[in-house]
2 protein chains.
Amino acid sequence: MGAKVAALCAELGPGAMLPGERDLSTRFGVSRATVRKALEELMARRIVERRHGAGTFVRRPAVAQPLMATSFGDDMRRRGLEPSSRLLWSDTVVADTDLAARLEMPGGEPVLRVCRVRLADGEPMTLETLHVPSSRVPGLTGDDLDGPSSYYELLAERFDRRIRSGTQSVAPVVLATRDAELLGVPAGSPALHFVRTSRDHRGEIVERVESYARGDRYLIEMDIIPPGDATAGAAVLSGAVVP
Amino acid sequence: MGAKVAALCAELGPGAMLPGERDLSTRFGVSRATVRKALEELMARRIVERRHGAGTFVRRPAVAQPLMATSFGDDMRRRGLEPSSRLLWSDTVVADTDLAARLEMPGGEPVLRVCRVRLADGEPMTLETLHVPSSRVPGLTGDDLDGPSSYYELLAERFDRRIRSGTQSVAPVVLATRDAELLGVPAGSPALHFVRTSRDHRGEIVERVESYARGDRYLIEMDIIPPGDATAGAAVLSGAVVP
DNA sequence: GAGTGGTCTAGACCACGTT
DNA sequence: ACGTGGTCTAGACCACTCC
């Protein structure tokens, strides 16, 4: 449903006002509630803008495709770049109490660690270290994650684990010399430090990734809402790569 | 409505499973759709977690109150800190083509600039530079923004302009010596560089703020969604201050 | 199978912006 | 006034999880 409305937006072009919700519901043969849900989704994706009493409008700039925090490969492809990975090293360690807690696994069991540089069109973008309990991905090795392969695809195909939810934090850091070298930027350059924890459909953690993203190639964009608006929805996050 | 369910969540405590939607709807005497809307709001505010077929649960950590990107003062108060401002300087400049375009105003007209350090419990948190077309806030001076006063309150009370929407970008930077001094951190410390543009209810830009936030006190948290999920909703953004 | 959330319909009234 | 989006009701069926 949302796709039909999105197509209509593309057809009308930026700045255009969409037909009213009642109109759309008869036009597409669905109820108004369904149309509203679709419009709310497009709103969240920053494709349309709604003004109470005025109407729904296709967003002016529509600059880069609004993006959600997803996988590296998807992000890059959406920007028309070719994603790839270069394996730096991988090993298996025994989880101490701390690591076990973070991965929600029994302590003392093995954990696969994989360190990769992620590239877009051959240029280093991020430096990632992945942690996953070995028992949840039996047989997986670092080599499986070299080249163009996607960890999320591997998870789905070989282990029938599909990413369902996750949480991520972002903080600014200054790159250490070694990390800066791997990313091809001067030592002391600014970067974003991401820590992502993802769960599969069963609720189990299937990855904890710490990554450093080049500050000159990453920025985060978000919508903001009026201060003091208690009933306000969430701010919307989208990422963009600086050209 | 959402408040009632939020109160129930607080009562039940972290990790607890909420009653089903049908149960809640009879309990509160509203329709199930209304309950769902309230739950979606709590979901966006990261207060509850929902699992299809399983149930709705109060979020485990509920660490710091989840926050939306709002005004500095609101952010700090929500964290139990006392916000304040220290005026560094202010002046009025004539907008060149670039600045005029960014503020969506005619070129050649005056723009008020105000530079402030924002503090929480007396400790520097961010360094802000505000730009606003003078014609939209006639009579406003930098001194009006010294001390505990809120720009947003001034806008509403003196100029009848209420913030309605806005957009913000975030990038990592390394602090210059002077900026680091003002923020009370060592030179070369990491920071987040925010650029916020806010519009009032008439759609006019009433502020463009560039700010530097201490990297040791700010981090951004967001939910992530499955890769390749075209119909997925938006990632949720919340901010947190590192203790 | 029983209970959960996810989706949908058809209709109503309210709040707001435009004219 | 009129049309817009915002909210709500009452009921239905589907998809999923868990026992």
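Chain letters run A, B, ... following the sequence lines, proteins first, then strands; residues in each count from 1. Remember, predicted model here, so these are calculated numbers, not experimental data. Heavy atoms only: backbone and side chains are in, while hydrogens, waters and symmetry mates are out.
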**Student:** Ring pair (Phe, Tyr, Trp, His ring centres under 6.0 Å) with B:H131: which residues, sequence neighbours excluded?
**Tutor:**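 Here no residue qualifies.
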**Student:** Taking side chain to side chain donor-acceptor pair (under 3.5 Å) as the definition, give me every residue that meets it alongside A:T92, ordered by chain and number, with sequence neighbours left out.
**Tutor:**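 For A:T92, no residue satisfies side chain to side chain donor-acceptor pair (under 3.5 Å) once neighbours in sequence are set aside.
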**Student:** Residues in salt bridge (charged side-chain N to carboxylate O under 4.0 Å, His left out) with B:R136, at least two apart?
**Tutor:**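 Applying salt bridge (charged side-chain N to carboxylate O under 4.0 Å, His left out) to B:R136 gives none.
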**Student:** I'd like to compare against my own output: the B/S/- annotation of nucleotides 3-12 of chain C with a strict under-4.0 Å heavy-atom distance to protein.
**Tutor:** BBBBBSB--B
**Student:** Run the salt bridge (charged side-chain N to carboxylate O under 4.0 Å, His left out) test against B:R199 and tell me which residues pass, sequence neighbours left out.
**Tutor:**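 Salt bridge (charged side-chain N to carboxylate O under 4.0 Å, His left out) list for B:R199, sorted by chain: B:E104.
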**Student:** Does B:E21 have any salt bridge (charged side-chain N to carboxylate O under 4.0 Å, His left out) partners at least two apart in sequence or in another chain, and if so, which?
**Tutor:**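 In terms of salt bridge (charged side-chain N to carboxylate O under 4.0 Å, His left out), with neighbours along the sequence ignored, B:E21 is linked to B:R32, B:R36, B:R50.
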**Student:** What is the distance from CD of A:E49 to P of C:dG17, rounded to the nearest Å?
**Tutor:**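 Spelled out: CD on A:E49 to P on C:dG17 is 14 Å.
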